[in-house]
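Below you will find the structure I want to go over with you.
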Amino acid sequence: MSHTPLIFSGNSNPTLAEEIAKRLKVHVGKALVNKFKNEETRVEIGENVRGSEVFVVQSICKAPNGNGVNDALMELLLMIDALRRASAARITAVIPYYGYAKQDKKTKGREPISAKVVANLLKVTGAKRLVTMDLHAAQIQGFFDTPVDNLLALPTLCDFLKREGLKGNEIVVVSPDAGGVHRAELFAKRLESSLAIVFKRRPEPDVSEVTDIVGDVAGKIAVVVDDMISTGGTLAKAAEAIKARGATKVYTVATHGIFAGDAVNVLESSVIEKIIITNTIPFADLKDHPKFVQLSIAQTFADAISRITTNRSVSELFNGEDTGAQDPSPVLETATV
Ligand code: R5P
């Protein structure tokens with residue numbers, strides 16, 4: 001099998017796929033990925049892939065061309081199927097944002113486990129491994145019997161915070177809910193800061209309420225760390241509560257900026273100073289929103305793909321303080337903290 005990876009992309013995050021390919025010094029493979037008139041997804045791979053190591057880059061999220069989350073999933077599955085039938089030697093699904101991840105268990109009777117359904121679909125279509133980033137729950141790796149590389153945005157995000165002086169005793173890292181405490185602890189360790197925890201409850205799906213805060217935030221700059229932002233309610237309400245407890249400023253960082261519905265307005269009109277996210281999910285009109293900062297995690301994916309192709313360790317990427325991105329991660333739009 002060739003050591004040169006072939007990169008293909010669907011429509012959900014083509015800019016990131018291009019960036020990853022550029023850093024690997026390859027091009028994004030030719031593929032027609034659109035729809036038939038009847039709305040069914042149409043895929044046609046435009047290059048020979050026989051015997052090749054192939055990576056399909058596709059986040060399971062809304063696409064800049066207006067396609068929905070389910071279109072992204074279907075494009076991914078049909079591309080993998082087409083590549084397998086075209087005799088690719090090994091196909092890796094590169095899913096920077098693994099959608100459906102929040103539905104990873106039954107919380108009440110007669111619910112699906114959607115994250116497992118996605119894993120099953122990837123398996124039957126022929127993906128031999130998964131490369132993803134900051135899975136909502138690390139246990140989702142267990143839904144796969146093939147290798148999963150769950151990359152971290154933490155080094156990229158922490159490098160940025162440090163460059164902006166957000167580190168040490170002046171800041172407090174805050175988890176916006178009990179489920180995120182481990183993630184926040186890792187950030188607090190890297191940033192050499194203290195830790196606080198917001199307790200929230202969800203009276204109904206997509207609605208959050210703060211019930212308590214544990215830890216000292218008074219007189220400090222709070223950096224609230226989450227894996228994803230959907231409606232923005234969790235972070236907006238956490239920021240309000242943290243400020244009411246005496247924090248001087250509140251910044252937020254999250255790997256995946258989904259920004260469902262009115263989320264951008266909710267965050268923009270909140271007390272949050274800056275909302276720092278990565279480009280696992282595209283955010284097209286950033287320049288109109290000065291509160292938002294988007295960092296590129298392309299180098300991390302490029303490094304992982306390069307290591308997989310040459311049978312080197314992927315976990316080594318995350319052993320050191322600054323190894324997530326070899327070059328400082330580009331800020332995709334100018335915005336200073
Ligand atoms: C919850 O478990 C997640 O880590 C996020 O806190 C949550 O998905 C954010 O959702 P929203 O922005 O809708 O409050």
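Just so you know, ligand 1 is whichever comes first in the structure, and atom 1 is the first atom listed for that ligand.
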(message) Using side-chain contact (heavy atoms from CB on, under 4.5 Å), reason through H27 and E18 one step at a time and then give a plain yes or no.
(response) CA-CA 7 Å; H27 66 276; E18 287 285 351; over 6 Å; no
(request) Could you give me the CA-CA distance, side-chain angles and deciding distance for D81 and R85, then say whether salt bridge (charged side-chain N to carboxylate O under 4.0 Å, His left out) is met? (result) CA-CA 6 Å; D81 187 73; R85 291 174 195 279; 2.6 Å; yes
(request) Evaluate the criterion ring-ring contact (aromatic ring centres under 6.0 Å, His included) for residue pair F259 and F292; output intermediate values, then yes/no. (result) CA-CA 12 Å; F259 303 128; F292 291 74; 5.3 Å; yes
(request) Please determine which of R42, K62, K35 meets the salt bridge (Lys or Arg N to Asp or Glu O under 4.0 Å) test together with D71. (result) K35
(message) Quick one about S9 and Q58 (side-chain donor to acceptor, distance below 3.5 Å, no hydrogens or angles considered), yes or no?
(response)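 Their side chains do not contain a donor-acceptor pair, so the 3.5 Å distance test is not met.
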(request) Indicate yes or no for a side-chain donor-acceptor contact from N11 to the backbone of N34 under 3.5 Å, with no hydrogens or angles considered. (result)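 Between the backbone of N34 and the side chain of N11 there is no qualifying donor-acceptor contact (under 3.5 Å).
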(message) So if I only count non-hydrogen atoms and take anything under 4.0 Å from ligand 1, which residues does that give, chain by chain?
(response)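 The 4.0 Å shell around ligand 1 contains K102, H136, D177, K200, R202, D226, D227, M228, I229, S230, T231, G232, G233, T234.
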